[in-house]
Visitor: 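Can you read through this structure? Questions will come right after.
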Protein chains: 2
Amino acid sequence: MAIRLTDVANEAGVSLATASRVLNGSARKPAAEISDKVRAAAEKLGYFPNAQAQALARASTKLIGLVVRDIADPYFSTIARGVQRGLGDSGTQLLLASTDSEPEREIEAVRAFMSQRTDAIILSGSRGQSEDDGLLKLIENYQENGGQVVVIGQPLASTGGIQVDNETTSENLAGELIRAGHRKFVVLAGDENLLTSRHRAQGFLSKLKRTGLAAVDVFHGAFSREGAYMAMSDYLRVRKPEEADQQVCVFCVSDVMALGAIRAVRESGLRVPEDIAVVGFDDIPTLEDVTPSISTARLPLEEIGRWAGEMVLSHGDARKMVVTGTPVLRDSSRLHSDNR
Amino acid sequence: MAIRLTDVANEAGVSLATASRVLNGSARKPAAEISDKVRAAAEKLGYFPNAQAQALARASTKLIGLVVRDIADPYFSTIARGVQRGLGDSGTQLLLASTDSEPEREIEAVRAFMSQRTDAIILSGSRGQSEDDGLLKLIENYQENGGQVVVIGQPLASTGGIQVDNETTSENLAGELIRAGHRKFVVLAGDENLLTSRHRAQGFLSKLKRTGLAAVDVFHGAFSREGAYMAMSDYLRVRKPEEADQQVCVFCVSDVMALGAIRAVRESGLRVPEDIAVVGFDDIPTLEDVTPSISTARLPLEEIGRWAGEMVLSHGDARKMVVTGTPVLRDSSRLHSDNR
DNA sequence: CTGTTAGCGCCTTCAG
DNA sequence: CTGAAGGCGCTAACAG
């Protein structure tokens with residue numbers, strides 16, 4: 001159906017090999033005159049190289065796979081944009097898969113990418129707590145066959161990646177909040193089966209403990225806007241009357257959760273931050289448009305994606321890098337001193 | 001390097017053809033015993049079909065391409081999620097490309113997808129005003145070779161797609177605002193070279209005119225948050241003192257622009273909506289978290305994406321459908337009656 | 001410098 | 001029902 005290289009070669013009156021050489025970056029450069037003829041023929045016929053055939057003949061597809069949990073989540077879409085930027089004009093194409101937080105879908109995605117023989121896979125999704133054995137085996141298999149794996153977030157033993165030091169970041173964030181005067185905390189810890197979620201909560205709590213602060217409430221739930229909305233609603237429902245007297249600072253393990261929490265606070269008729277201070281984690285772009293401005297731990301999301309993309313291109317050593325977030329206190333954690 | 005079907009066949013002691021038949025959905029089903037042996041061998045060896053080879057031998061890659069302007073923009077990421085949902089578990093893989101609003105990058109993306117022999121291409125990006133001749137020719141070429149094209153937003157003569165009736169939607173939105181009592185309008189019309197931008201502004205303006213409302217100011221600029229921020233800043237700088245007395249309603253041709261506009265209003269010390277009402281278009285998910293809640297014309301973004309995905313799967317007729325947005329007045333356009 | 005010729009991994013008639 | 005063989009479109013030695 002489509003025009004083949006053979007057709008172009010015939011049209012130009014040269015051999016297949018010659019046509020191939022001029023149309024693709026071969027080391028050997030045919031004569032200028034011939035080249036022009038071939039290019040003209042290709043143009044005239046509307047020739048498009050068949051990437052599949054090329055991939056088969058060479059040994060590399062110029063394909064890389066990116067798996068995220070939900071592409072509509074600003075956290076992931078920002079990373080995705082970064083990856084694309086990182087890939088730049090290398091001619092590498094991006095295959096995208098979303099897992100919807102279901103481990104099996106992550107495995108499916110990786111299998112699909114393996115079948116596509118992607119040169120690399122960037123995992124930015126749901127690193128579960130128990131390092132799904134199945135996934136690990138798959139990845140190992142993939143690597144043995146020359147596949148490159150870059151993990152964003154949690155580190156994975158055998159792979160390269162951009163690790164986020166969630167624990168330290170949370171500790172620092174807690175430190176800043178304490179320094180700002182907060183003394184009473186609640187943690188919306190998200191899904192305890194997700195490493196990211198766990199580490200962020202743990203870091204925060206351990207800092208509190210080390211500082212000798214009173215016990216706080218910890219709520220679990222889905223690592224999502226809805227999850228936080230419900231967790232916060234639960235908290236508001238059960239909190240004791242005397243708690244209402246003093247401003248409490250609620251740490252959510254992600255900005256998206258903070259957004260859900262704020263919604264719940266507002267619906268209950270309370271104010272942020274006067275009645276309840278809310279703090280997030282990530283610094284997703286959305287925060288720019290939210291009032292009050294939300295305190296968070298800033299992660300260079302787009303750059304992280306870009307680094308991942310560049311890492312993939314450099315095709316090199318499975319380099320590892322560690323990123324620690326920066327606490328950014330904004331209005332949502334303003335201390336309400338005159339409360340009681 | 002990787003395990004081939006041949007290896008599996010050998011391991012199982014059967015022929016290549018047989019192995020192929022059991023491992024892939026062939027019409028002819030080998031004996032159960034044989035099948036099990038083959039499957040066991042495949043499992044043991046860690047076999048993954050080579051999608052490229054399959055694509056070459058069959059005549060279809062199970063690949064579809066999606067081109068957006070910016071995957072980090074909630075409008076596009078929501079559509080992207082919809083597309084993925086629409087594709088469901090059909091086994092189709094999604095290739096993603098972002099154009100950054102540059103027409104040439106859109107063309108590059110389409111060329112790349114054509115090379116990848118994607119079964120279909122969903123265009124959700126920058127339909128320029130002058131229907132870039134290059135793009136049209138490419139698309140035509142693609143279709144002649146059996147490629148399916150689905151366009152989201154602007155309709156394209158020869159292709160199917162989900163058309164958004166921007167003009168009518170804007171008219172309706174204007175109607176609602178007028179009914180709500182607004183009389184003084186400003187339009188941040190975005191990029192006049194983008195059809196989407198144009199139609200939205202035109203619809204709005206024509207409705208105003210038809211209603212006999214006084215002339216309003218129209219500002220052009222980039223079809224983006226920054227563009228709107230600057231346009232709004234310009235407006236605030238040049239508006240006449242007497243205008244400041246009466247609440248004005250600023251219609252932005254997209255929610256993302258509305259967000260930028262609101263930022264500008266706030267930075268100038270004014271309030272939304274008391275001093276300046278702001279209205280957007282699209283109803284991106286982000287709006288859920290913004291205060292005041294933003295009035296807009298609701299488009300079922302995720303569903304639009306889903307429809308596009310399903311359309312692609314049904315492989316059918318290049319169906320066309322038209323979507324008209326629904327005006328949703330929220331707080332950002334509340335009338336400030338007591339302002340003389 | 002150009003052309004010829006094996007494959008790359010898999011599917012699919014066509015025989016057996 | 002199973003096996004053998006040609007071909008999908010292109011690349012990369014190897015000759016000429």
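In this text, all values refer to a predicted model and were calculated from it rather than measured experimentally. Letters A, B, ... mirror the listed sequences (proteins, then strands); counts begin at 1.
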Visitor: Which residues, if any, of residues 43-55 of chain A bring a heavy atom under 4.0 Å of DNA chain D?
Guide: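 Close to the strand are A:Tyr47, A:Pro49, A:Asn50, A:Ala53, A:Gln54.
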Visitor: Excluding sequence neighbours, so at least two apart, what forms side chain to side chain donor-acceptor pair (under 3.5 Å) with A:Ser90?
Guide: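 Scan of A:Ser90 (side chain to side chain donor-acceptor pair (under 3.5 Å), adjacent residues dropped) gives A:Thr92.
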Visitor: Over how many whole Å does the gap from A:Leu5 atom CG to D:dC10 atom C1' extend?
Guide: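 Roughly 7 Å, once rounded to whole Å.
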Visitor: Under the rule for side chain to side chain donor-acceptor pair (under 3.5 Å), what residues qualify as partners of A:Ser98, not counting sequence neighbours?
Guide: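 So A:Ser98 forms a side chain to side chain donor-acceptor pair (under 3.5 Å) with B:Gln84.
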Visitor: Starting from P on D:dT11, measure out to CG on A:Leu23 and report it in whole angstrom.
Guide: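 Going from CG in A:Leu23 over to P in D:dT11 covers 9 Å.
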Visitor: Expressed in angstrom and rounded to an integer, what is the separation of A:Gln116 atom CD from C:dC8 atom P?
Guide: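 Those two atoms, CD and P, are 20 Å apart.
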Visitor: Can you list every salt bridge (Lys or Arg N to Asp or Glu O under 4.0 Å) pair that touches residues 39-51 of chain B, not counting sequence neighbours?
Guide: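 Qualifying pairs, neighbours excluded: B:Glu11-B:Lys44.
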Visitor: If an axis is fit to five pairs at each end of the helix from C:dC1-D:dG16 to C:dG16-D:dC1, what is the angle between the two, to the nearest 10°?
Guide: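 Here the local axes at opposite ends form an angle of 40°.
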Visitor: Taking only residues two or more places apart in sequence or in another chain, which ones pass side-chain contact (heavy atoms from CB on, under 4.5 Å) with B:Ala19?
Guide: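 Residues passing side-chain contact (heavy atoms from CB on, under 4.5 Å) with B:Ala19: B:Leu5, B:Ala9, B:Val14, B:Val38.
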Visitor: Taking atom C1' of D:dT11 as reference, at what distance in whole Å does atom CG of B:Leu56 sit?
Guide: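 Atom-to-atom, B:Leu56 to D:dT11, this comes out as 12 Å.
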Visitor: Got a list of protein N/O to nucleotides 3-5 of chain D N/O distances below 3.5 Å?
Guide:
unit_1, atom_1, unit_2, atom_2, d
D:dG3, OP2, B:Ser15, N, 3.0
D:dG3, OP2, B:Ser15, OG, 3.2
D:dG3, OP2, B:Thr18, OG1, 2.8
D:dG3, N7, B:Arg21, NH2, 2.9
D:dG3, O6, B:Arg21, NH1, 3.4
D:dG3, O6, B:Arg21, NH2, 3.4

Visitor: Who are the side chain to side chain donor-acceptor pair (under 3.5 Å) partners of B:Ser224, not counting sequence neighbours?
Guide: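 So B:Ser224 forms no side chain to side chain donor-acceptor pair (under 3.5 Å) with any residue.
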Visitor: Can you give the donor-acceptor pairs under 3.5 Å from side chains of residues 305-313 of chain A to other protein atoms, not counting sequence neighbours?
Guide:
unit_1, atom_1, unit_2, atom_2, d
A:Arg306, NH1, A:Glu310, OE2, 3.4

Visitor: Rounded to whole Å, how long is the line connecting atom NZ of B:Lys62 with atom P of C:dC10?
Guide: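 Atom NZ in B:Lys62 sits about 18 Å away from atom P in C:dC10.
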Visitor: Going through the checks in order, is the side chain to side chain contact (heavy atoms under 4.5 Å, CB included) test met by B:Arg85 and A:Asp100?
Guide: CA-CA 10 Å; B:Arg85 294 260 160 92; A:Asp100 274 319; 3.0 Å; yes
Visitor: If you look only at pairs with a residue in residues 141-161 of chain A, which of them pass as a salt bridge (Lys or Arg N to Asp or Glu O under 4.0 Å), with sequence neighbours excluded?
Guide: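 For residues 141-161 of chain A: none.
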Visitor: Side chain of A:Arg58, heavy atoms from C-beta onward: which of C:dT12, D:dA12, D:dC8 has the nearest atom to it?
Guide: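 It is D:dA12.
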Visitor: May I ask you to test the A:Ile122-A:Val67 pair for a side-chain heavy-atom distance under 4.5 Å?
Guide: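 No, every pair of side-chain atoms sits at 4.5 Å or beyond.
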Visitor: Taking side-chain contact (heavy atoms from CB on, under 4.5 Å) as the definition, give me every residue that meets it alongside B:Ala112, ordered by chain and number, with sequence neighbours left out.
Guide: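 B:Ala112 satisfies side-chain contact (heavy atoms from CB on, under 4.5 Å) with A:Gln93 once adjacent residues are dropped.
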Visitor: Test of understanding: with side chain to side chain donor-acceptor pair (under 3.5 Å), list the residues that count as partners of A:Asn10, not counting sequence neighbours.
Guide: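 Here no residue qualifies.
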Visitor: A:Arg4 has an atom CZ; how far is it from atom P of D:dG9, in whole Å?
Guide: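 Taking atom P of D:dG9 as the reference, CZ of A:Arg4 is at 5 Å.
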